[in-house]
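Within every chain, numbering begins at 1; the chains are lettered A, B, ... in the order of the sequence lines, protein sequences first and strands thereafter. Note that these values count all heavy atoms, side chains included, but never hydrogens, waters or copies made by symmetry.
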Amino acid sequence: MKILTFFSLFSTFLSANSINVEENAGQFFSSGHTNNWAVLVCTSRFWFNYRHVANTLSVYRSVKRLGIPDSHIVLMLADDMACNHRNPKPATVFSHKNMELNVYGDDVEVDYRGYEVTVENFLRVLTGRLPPSTPRSKRLLSDDRSNILIYLTGHGGNGFLKFQDSEEISNVELADAFEQMWQKRRYNELLFIIDTCQGASMYERFYSPNLMALASSQVGEDSLSHQPDLAIGVHLMDRYTFYLLEFLEDIHPASKANMKDLFKVCPKSQCVSTPGHRTDLFLRDPGSALITDFFGSVRKVEITMETINLTDLIKEAEQKNIHTTANLQFPPLHLSSFLPYLTPYPQKPKQKDWHPPDGFILGLWTLILLVFFKTYGIKHLKHIF
Amino acid sequence: MATSEVERRRGQLAALSIAAVVIMVGVPLWWRTTETYRAWLPVSQINELANMQLQLSADVEVVFARGTVTPEQQKKVPLTQTQDEEHTVDENTALRYRYEIRYRTATIMEEDALDQPTAAEADLSLHTLSESPCGSLVVYVIPESSSLLPEDMDVYIGQRRTALLRIGAQMRVGRTVEQLLAHLEPRIKQVLQVMSFSHTDITAALSDRVRLSPGNKESIADSMRAFKSSPGYEITFSLLNPDPKSHRLHWDIEGAVQTYIQPLLTKLAPVANFSLDSQTLYYAMLGVNPRFDSSSSAYTLNSDSLAHVINPVEARLGSNAASSNPVLNFLLYVPDAHHSPLYIHDNKKQEVPSNAFHSPRWGGIMVYNVNGFYRPEAVLPVDININMAKVMGVFLAQLRLLLGVQSSTAPPGFLMAPCGSTGLADWELDRLMWSRSVENVATATTTITSLAQLLDQIGNIVINDNIAEQVSSAVTSLQLAVAELEAGNLGFALQYSKEAIMASERAFFDPSLLHLLYFPDDQKFAIYIPLFLPMCVPILLSLLKIVSEARQKRREKQAKKD
């Protein structure tokens, strides 16, 4: 009996393996994307929001490990944790207690740091309305065949997300931004993950097609943090992202896990809040969308079948090229040529707006008092002074 | 009594004058100072453009060689026919294809040119006679007994814009001109589908505008592979040398680019600008371990693992920070001495002759084995000169695929000439220009209409004059492009469509068009009430008091009368 079951299992395993080769050819056409992008945003600053930075950096590491290169990741962090005065281990950001895993590492490429993480910059990155001087690494250069992963974390509320303790983005603005992306076909499919309190309210207003959204808590619930580290003194990660990370550690670039497994991450028993998801705008069945469709970057490849027969010989390199390189002589550099830049700035900036002269206000008040006493008599003076 | 009357009168006048100032001066002032500047946009023209009716015209010249028409038929020819084909893609988009076919007989010089032994030579001598303008075709009908084409082939497609069509057997006995034309029409249409534009190509170019239901796998793969239309592209050639201790590689990339790639790019100049650079990367490994195949005593990479090769390398490739143009990467990988030779196997475990693969919308990788160039006991590192002709042959083929020069399989009975030294036949360029023009027009129209919609919906966005200017120029260029497509001037149509798309993109992505201020209505009330209510309530109350007093006075007067 046992041998029979063993044999049947073995044969199904063999047949599954042979299907794999055919499936791989079929995979080419099922997802419809050719490149992957990720926009990872941490919207908090200050030391006590350590966990939000650790959240974002762990997702960054997973996404890089699964293949998305830095040129396709837009990372927005306040980046004030690693070199904070209160960090007992400078240049590190840990995600597991007892300092097990340093997610900061030495190849983190932060594209928007510090005060550049604003609602305006975030919306500009999404919609592409950046000033022409913005370098390539700060742009989201996606096209109509790009799958984009957007991860937001921070402090949020019902319908808004707080950015750096000074401004908010509302769910309507976010939905409008995604609609503008859709109008310009800046994405093929978009996965939106948010780990904040009342996170589900942020995806309520989406109305563009091909969006899938996950949130760590429903409206009215708070997302809780996972564990403090007593040496560092703050909570290191949020629960939802912690279990998401554990789930992603099992994913490798050739893995076939799909989105339905992602929805099961962090049930209420582990997360205390109820994670939610929204798939009604997503045109494919979520069971057919692989995790690596969004988190990794599995390239489609085709074998090059034809070549062109080239028979011309390479023309001789121009002689003058050699001469010009020899003639180039760099002029000797003198320090004096730099001196115009070394003059100190004047101490007092030139006032652009006109202000009344300094004594004007004082004189005005003196005049008012004089008129008052002239009209009503000097005897009132004793009541004032 | 009189003084209180005067006081009352004064009070009423004061209240009335304050109310008058508030309404006459205050409210317009508040309105003007809180409104956003919105320059005028040609909305009606944009709505007209949204309903896209494209007409594509192609000129075809059909030349009858000696032996295909009888002398009395020859008198009826020359004639001109116009054929129209209408297609409705969806409720906003309609396409019409117009073919203007001119029939004539061949001149003496053309007859001499067709007398050559092979089709390729005939093609060459026909070119020296005349140059067809962009977008047009010439089809030479040759008799059935002609030896230019091999037995089973009926059509030869040349390197420029000519095709040789062998007339069918049933036309041997003299028929009427109408029957001759009826016989030729479907075959000429087939030639046009290959050499000019076909409905599938044009609808694929409209994919931005119309989300098509997935057709066959071929068309999806084609549309995913080629880059979208862009005003410029960057091409980067990289030489990956993982083992500099063993191999010292020399590649004459400048000369190779000048000789092999530059002619193609110059020919493609009306379509886009190209910028080229090259680099050499040392100690760049592939991300996959190749397996040793003892049967061929070589290392192999099978097709499944190819997908994972690109990512580790891409992180090191770098790109030009200044431009946002799409980048095409061509990598030449020379395997290290311990893993040589390295061959790529397809999913049938056969060796790939080109030893190269490409990734849609990214670029291509070729593996170049150098172990044959030196003996095992040679002193390391060895100097190796890379054969750039072979390498560039592969890269050129990949470049053609990635740019959308469709090398779709030819229909049966068609013989295609190999593309010339530039790597691109003239009719392939025409095909590319047709699909690019349509794509540009469709994209620019969608951009402009969605921009107009967006600005209409969100009343808070400021529309500056430069945006209005860009939009107007985009609309003008679009109208001109559509007109030129109708007239059949392909070159001008492409140029106007490029201008239209650049202007529309500049308008849509202008940094000033950011709607950041979302005010729900209750927040608007919360802001204005504390400002206006304390001011308006006394005015309203005093006005009410005036009205009630006036009414009372009138009642008193009525009572006095009675």
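Interface check for chain B: of the options A:Ile308, A:Asn309, A:Ile169, A:Thr127, the most heavy-atom pairs under 4.5 Å are formed by A:Ile308. Taking chain B as the reference chain and counting heavy-atom pairs below 4.5 Å, the highest number among A:Gln183, A:Lys184, A:Arg124 is found for A:Lys184. Interface check for chain A: of the options B:Phe357, B:Phe395, B:Trp362, the most heavy-atom pairs under 4.5 Å are formed by B:Phe357.
Other residues, nucleotides and ligands contribute only 12 or fewer heavy atoms inside 6.0 Å of the OH atom of A:Tyr115.
B:Glu505 touches chain A through its side chain: at least one heavy atom from C-beta onward sits under 4.5 Å away, while N, CA, C and O do not. Only the side chain of B:Ile344 comes within contact range of chain A, with at least one heavy atom under 4.5 Å from a heavy atom of that chain. Residue B:Leu396 touches chain A through both its backbone and its side chain, counting heavy-atom pairs closer than 4.5 Å. If you measure heavy-atom distances from B:Asn325 to chain A, the contacts under 4.5 Å come from the backbone alone. Using a 4.5 Å cut-off between heavy atoms, B:Met392 contacts chain A through both its backbone and its side chain. Using a 4.5 Å cut-off between heavy atoms, B:Thr443 contacts chain A through its side chain alone, with no backbone atom that close. For B:Ile310, the part sitting under 4.5 Å from any heavy atom of chain A is the side chain, from C-beta outward, and nothing else. For a residue to count as touching a neighbouring chain, one of its non-hydrogen atoms must lie under 4.5 Å from one of that chain's; by this rule A:Leu130 touches chain B with the backbone only. Of the two parts of B:Val352, only the side chain, counted from C-beta on, holds a non-hydrogen atom closer than 4.5 Å to a non-hydrogen atom of chain A. Neither the backbone nor the side chain of A:Ala177 comes within contact range of chain B; no heavy atoms are under 4.5 Å apart. In this structure, the portions of B:Phe508 lying under 4.5 Å from any heavy atom of chain A include both its backbone and its side chain.
With rounding to the nearest 0.5 Å, the separation of NE2 in B:His345 from CD1 in A:Ile303 is 10.0 Å. With rounding to the nearest 0.5 angstrom, the NE2 atom of B:His358 is 13.5 Å from the CZ atom of A:Arg299. How far OG of B:Ser324 is from CG of A:Leu140: 11.5 Å, rounded to the nearest 0.5 Å. In this structure, the separation between CZ on B:Arg400 and OG1 on A:Thr304 is 13.0 Å, given to the nearest 0.5 Å. Atom CD of residue B:Gln453 and atom CD of residue A:Gln180 lie 11.5 Å apart, to the nearest 0.5 angstrom.
With A:Arg145 contributing its side chain and B:Arg361 its backbone, the two residues share no donor-acceptor pair below 3.5 Å. A donor-acceptor contact shorter than 3.5 Å is absent between the side chain of B:Ser354 and the backbone of A:Glu306. When atom types are taken as modelled, the side chain of A:Asp143 and the backbone of B:Lys228 share no donor-acceptor pair closer than 3.5 angstrom.
Salt bridge annotation for B:Asp510-A:Arg129: absent, with no cationic side-chain nitrogen under 4.0 angstrom from a carboxylate oxygen. Using a 4.0 Å cut-off between charged nitrogen and carboxylate oxygen, A:Asp70 and B:Arg316 do not count as a salt-bridge pair.
In this structure, B:Pro511 and A:Pro131 approach most closely via the heavy-atom pair CG-CA, 3.7 Å. In terms of heavy atoms, B:Pro360 sits closest to A:Lys300 at CD-O, 3.1 Å.
Counting only residues at least two apart or on different chains, no salt bridge (charged side-chain N to carboxylate O under 4.0 Å, His left out) pair has a member in residues 345-354 of chain B.
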Output, in order, the C-alpha distance, side-chain angles, deciding distance and verdict of side-chain contact (heavy atoms from CB on, under 4.5 Å) for A:Met305 and B:Leu401.
CA-CA 11 Å; A:Met305 283 306 175; B:Leu401 279 172; over 6 Å; no
